[in-house]
2 protein chains.
Amino acid sequence: MITVALLEKYGGIRKNYKSDDFIFKENSLALLYFQIISGEVKMNNYNEEGKEFIQGIFYENQCFGEPPLFIEQVYPANAVAVTDTELIVITKNQLLDMLQNHSDISLKFIKNLSQRLYYKSVMAAEISSQDPEHRILRLIDYSIKQLNFKKETAGFHIHFTRQQIADLTGLRVETVIRAIKSLEKKGDLKIINRKVYR
Amino acid sequence: MITVALLEKYGGIRKNYKSDDFIFKENSLALLYFQIISGEVKMNNYNEEGKEFIQGIFYENQCFGEPPLFIEQVYPANAVAVTDTELIVITKNQLLDMLQNHSDISLKFIKNLSQRLYYKSVMAAEISSQDPEHRILRLIDYSIKQLNFKKETAGFHIHFTRQQIADLTGLRVETVIRAIKSLEKKGDLKIINRKVYR
DNA sequence: CATATTTTATGACTTAAATCATAAAACGAA
DNA sequence: TTCGTTTTATGATTTAAGTCATAAAATATG
């Protein structure tokens, strides 16, 4: 999103997290802007029964957790480091200061938020009313478009675990496993020693 | 969002729609910025079986359909007038032109998009993994906070039909009807001659 | 390298929501 | 005021996904 150099100019400091560390927790007030230098971060919720729902997974150069920052709200979800992760962090005031001086960055935020809202819209319609197979295919296709999936000879390698797919679509692991098998049979995707390709 | 005066200064024109008219359709390219002068607009999808999913309902002074506009995408959903509606419309270029000259409006968009992303995040977690009653209560509570529901003596009047609640939560009418009754029994809301209060 | 943990896999069973059918209220329009 | 439509309502039945149990394969870790 924003160059590290510019973030540092506005007071950005680097922070390191180990895999599974919480970066922030649901219901805490948003006060900081986070951007990933290296690593992988997921935002998630747990419902009453302890089932995880993954709101999104974020990678290098991406930011996360800004919506509540802009609207003075508490976080609607946790942020957790999926791998060891280095972030650069600035305060809300530093960010607003930067936005005032760099109108191009405002537009970047507008585009970034639009992109994510678009994803949520597509997935909302899917999750609410489609069968599991459809839901999984849409998630996969969207992820290929948006995330850094590598094209291999067998197709795009979907580097999600079945559990992650379940948590991203609101399904159960077993359902995902069965649905993926069924999708393979129909020729919609390939499974080569347990890895999923599309 | 933006004052009508300013929109007109940048070439805004008024357009009128009758109840149930389409304003735009899913999969068409986003080229215009729409803001409601009066009336009510819903954005929706239909899945393969024809079941409707309502992405959101918008009222006076609200805009809708900008995310695909900012990211050069097709609309992820239809926009339909729920009542007779008057809109003010400007082109994408006119809007970008305006944003360049009015940095405060950029921030307004950032906040607006953030707000909507926040809603989608909350509802995504709900829809994916909660039981119908929980889902409905969250929708109602969110709608009270965000939309113009009037507080009456019995509480906030939820002016959604059971069908609309079903379409907003991804449930079926019958399920919503039964869940609302159950919620009334538990004292979570009131039903006074078929109207729902919270 | 051996052991522990995670991920994928599968069958049997349960359950909650969808589906289907039917109808009574409420509302709108002619 | 009547007729047609929409909304709310309720019972019976079906079904697809969840749940539970169990295990093999793969991967990580000391």
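Values below: all heavy atoms of this structure, side chains included; hydrogens, waters and symmetry mates excluded.
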J.: When all nucleic acid strands are considered with a 4.0 Å heavy-atom cut-off, which category describes B/Arg194: base, sugar-phosphate, or nothing?
T.: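 Base contact.
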J.: Has the side chain of A/Arg178 got a donor or acceptor that lies under 3.5 Å from a partner of the other kind on the base of D/dT19?
T.: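 Answer yes: a donor N or O sits under 3.5 Å from an acceptor.
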J.: Between B/Ile177 (CD1) and C/dA18 (P), how many Å, whole number?
T.: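 Rounded to whole Å, this separation is 12 Å.
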J.: By nearest nucleotide on DNA chain D, pick out whichever of A/Val176 and A/Asn193 is the more 5' one.
T.: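 In this pair, the answer is A/Val176.
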J.: In whole angstrom, give the distance that lies between atom CD of A/Glu52 and atom P of C/dT6.
T.: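 Rounded to the whole Å, the gap is 14 Å.
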J.: Tell me whether the side-chain N/O atoms of B/Lys51 come closer than 4.0 Å to OP1 or OP2 in C/dA18.
T.: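 No, outside the criterion.
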J.: Without decimals, in angstroms, what is the distance between A/Ile158 CD1 and C/dT8 C1'?
T.: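 Interatomic distance, CD1 of A/Ile158 to C1' of C/dT8: 17 Å.
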J.: Looking only at heavy atoms, what is the nearest atom pair of A/Lys120 and B/Lys120, with distance?
T.: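 Looks like CB-CB, 3.8 Å.
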J.: Set out, in order, the CA-CA distance, both residues' side-chain angles and the distance that settles salt bridge (charged side-chain N to carboxylate O under 4.0 Å, His left out) for A/Glu66 and A/Arg116, then state yes or no.
T.: CA-CA 11 Å; A/Glu66 329 85 81; A/Arg116 277 152 64 186; 2.9 Å; yes
J.: Testing the basics here: between B/Ser38 and B/Glu60, what is the closest heavy-atom pair and its distance to 0.1 Å?
T.: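 Looking at all heavy atoms of both residues, the closest pair is CA-CG, 3.8 Å.
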J.: Could you tell me whether the phosphate oxygens of D/dG18, OP1 or OP2, come under 4.0 Å of any side-chain nitrogen or oxygen in A/Thr175?
T.: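 It does, given that an N or O in the side chain of A/Thr175 lies less than 4.0 Å from OP1 or OP2 of D/dG18.
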J.: Report yes if at least one side-chain N or O of B/Lys195 is closer than 4.0 Å to OP1 or OP2 of D/dT7; otherwise report no.
T.: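 For D/dT7, neither OP1 nor OP2 has a side-chain N or O of B/Lys195 closer than 4.0 Å.
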J.: Quickly work out the B/Glu174 CD to C/dA16 P distance and round it to whole Å.
T.: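 It is 18 Å, rounded to the nearest whole Å.
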J.: I want to verify a distance call: between D/dA9, D/dC20, C/dA9, whose nearest atom is closest to the A/Lys181 side chain?
T.: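 Between D/dA9, D/dC20, C/dA9, the one nearest the side chain of A/Lys181 would be C/dA9.
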J.: Calculate the interatomic distance between B/Ile165 atom CD1 and D/dT7 atom P; express it in whole Å.
T.: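 Atom-to-atom, B/Ile165 to D/dT7, this comes out as 12 Å.
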J.: Just wondering, do A/Ile90 and A/Ile2 contact through their side chains at under 4.5 Å, heavy atoms?
T.: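 No, every pair of side-chain atoms sits at 4.5 Å or beyond.
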J.: Looking at B/Lys190 and B/Glu184, what are the two nearest heavy atoms and their distance?
T.: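 Looks like CA-CG, 4.2 Å.
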J.: B/Leu171 has an atom CG; how far is it from atom P of D/dA9, in whole Å?
T.: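 The distance from CG of B/Leu171 to P of D/dA9 comes to 16 Å, rounded to the nearest Å.
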J.: Counting heavy atoms from C-beta on, name the nucleotide in D/dT8, C/dA17, C/dT10 closest to the side chain of B/Pro132.
T.: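 Of D/dT8, C/dA17, C/dT10, C/dA17 is nearest to the side chain of B/Pro132.
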J.: Send over the distance from A/Ile180 CD1 to C/dT10 C1', rounded to a whole Å.
T.: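 For the pair A/Ile180 CD1 and C/dT10 C1', the rounded distance is 15 Å.
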J.: Where the side chain of A/Asp131 is concerned, which of D/dA17, D/dA21, D/dT8 is the nearest nucleotide?
T.: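 Closest nucleotide to the A/Asp131 side chain: D/dA17.
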J.: Whole angstrom is fine here: how far is it from CD in B/Gln163 over to C1' in C/dA18?
T.: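 In whole Å, C/dA18 C1' and B/Gln163 CD are 13 Å from each other.
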